[in-house]
There are 2 protein chains.
Amino acid sequence: MVDTDGVRPGPRRTLSEEAILDAALSLLAESGADRVTIRGIAARVGVAPNGVYTYFPDKAAVLHGVVESILGGVNHDRFVDPSLPWRDRIEALALELRGELLAHPGSVHLLLADPMTGANSRAVTDTVLSILADAGLPPEDAMLASHLISVHVLGSVALEVADPRMSDAEDRAARYLWGLTRVLDGLSTHVGAR
Amino acid sequence: MVDTDGVRPGPRRTLSEEAILDAALSLLAESGADRVTIRGIAARVGVAPNGVYTYFPDKAAVLHGVVESILGGVNHDRFVDPSLPWRDRIEALALELRGELLAHPGSVHLLLADPMTGANSRAVTDTVLSILADAGLPPEDAMLASHLISVHVLGSVALEVADPRMSDAEDRAARYLWGLTRVLDGLSTHVGAR
DNA sequence: ACCTGAACACCGTTCAAGT
DNA sequence: ACCTGAACACCGTTCAAGT
């Protein structure tokens, strides 16, 4: 899950990349995105503030690792079965991603600010692209459709996290699905007219 | 445009809410969202760092004002003509909003983090709702559709600003329109099936 | 190679004081 | 009422030093 190549024993390596990311994730879950701080992480893993820089070059790299770690929790096997209708597969993946992002409030904003440049991010995109290819979309349209789905997932969750006005969780889930259905309808029309 | 009620003369009011917001906007345009700083604004308008707090209670209020100021630049008159096809009107408004947001890089993230709680934000939403009502959508569906369109506009621009991989501006605009067309197709299907 | 103490250049915000 | 100086409690990051 986590990139750990280049790790060679030095004098007492008390930590690991993963330990730092775990600390960052728990900070994210407990206190929100703006409390994910190099100094907070260092305190949680029991090291001086600058000790973190042995494992990551800067804060952006840590946040990148956090995003990758979250996206690593997605199990792709459940969406690759090509015998299922492509819309059901996209819908299931979109629901899974929403759940993963909502489980870590603040992670959406990290993804929106530093998008899609990691191995696990690409893996999700590749899964979407393969489903769309199964649906009969030519590669160029599949790219556009994949981007559209990313926009919907990330945009929806970002607004959902930020806006406390719609208090009922079930209503928010229904709204998410309603929008996703419109998007998939629009894509279906395009597939039918290809 | 800017909320200026409650302004009464005191001993030498050297500034105004608007002057502070203008400073914030220029900072946003020049240096990006994370450089929009209370201290930076204060320096630009020639006041001590805490002088800003005479005009705004905290930084969040300043950012809120910035968002409102940006959204105040949208001229709604061009989208209210009900004789035009509703899809064209939504499309024109969505393009206008994208332009406004791209003109101030970083503003999207402000909107995604503090959404829709100001007068100008509501004005944009109301315009969308009235267009959708003209299209024949019942109020409940119009709310869902309006939210879907917000998600698309904000999500698209956020990813566009953050991701420098697609370098050609024309390609990015085409991608935006492609996605918007799918969304509007999905809504058209729903309108037709009502 | 790894970790630390100390420092640098920043933040947002508060508070007492001056006018 | 408005503005300031000073301070508080933070940031990310660097650098020289210790092991």
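Hydrogens, waters and symmetry mates are skipped; everything else that's a heavy atom, side chains included, is used. Chain A is the first sequence line, chain B the second, and so forth, proteins listed ahead of strands; every chain is numbered from 1.
The side chain of B/Thr37 sits closest to C/dG12 out of C/dG12, C/dC3, C/dT4. Set against D/dT14, D/dC3, C/dG12, the side chain of A/Tyr53 has D/dT14 as its closest nucleotide. The side chain of A/Pro49 has D/dT13 as its nearest neighbour among D/dC2, C/dG12, D/dT13.
B/Lys59 has its NZ atom 17 Å from the P atom of D/dC10, to the nearest Å. Across the protein-nucleic acid pair, B/Tyr55 atom OH and C/dT13 atom C1' stand 18 Å apart, rounded to whole Å. Between the CD1 atom of B/Ile38 and the P atom of D/dC10 there is a distance of 19 Å, given to the nearest Å. Summarising the geometry, the separation between CG on A/Asp34 and P on C/dG12 is reported as 13 Å, rounded to the nearest angstrom. In this structure, the CG atom of A/Asp58 is 5 Å from the P atom of D/dT13, given to the nearest Å. The CZ-C1' distance, from A/Arg39 to D/dT14, rounds to 12 Å in whole Å. For A/Ile20 and C/dC2, the CD1 to P distance is 12 Å, given to the nearest whole Å. The nearest whole Å value for the distance from the CD1 atom in A/Ile41 to the C1' atom in D/dC11 is 13 Å.
In a base pair of the Watson-Crick type (N1 to N3 plus N6-O4 or O6-N4) or a G-U wobble (N1-O2 and O6-N3), with each distance short of 3.5 Å, C/dC11 is matched with no nucleotide. For D/dC3, there is no paired nucleotide, since no Watson-Crick or G-U wobble pair has both relevant distances below 3.5 Å. In this structure D/dA17 sits in no base pair that meets the Watson-Crick or G-U test at under 3.5 Å.
Nearest-nucleotide assignment on DNA chain D puts the 5′-proximal partner with A/Arg35, out of A/Pro57 and A/Arg35.
Taking the six-membered ring where the residue is Trp, the centroids of B/Phe56 and B/His64 are separated by 6.0 Å or more.
For D/dC3, one of the phosphate oxygens OP1 or OP2 lies less than 4.0 angstrom from a side-chain nitrogen or oxygen of B/Thr14.
In this structure, B/Tyr55 contributes its side chain and B/Ile20 its backbone to no donor-acceptor pair below 3.5 Å.
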### Query
So B/Glu30 and B/Arg35, salt bridge (Lys or Arg N to Asp or Glu O under 4.0 Å) or not? Walk me through it.
CA-CA 9 Å; B/Glu30 292 166 21; B/Arg35 298 290 282 273; over 6 Å; no
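For the 3.5 Å distance criterion, the side chains of A/Ser188 and A/Arg87 qualify, holding a donor opposite an acceptor. Checking B/Arg44 against B/Ser26 by side-chain atom types alone, a donor-acceptor pair falls below 3.5 Å.
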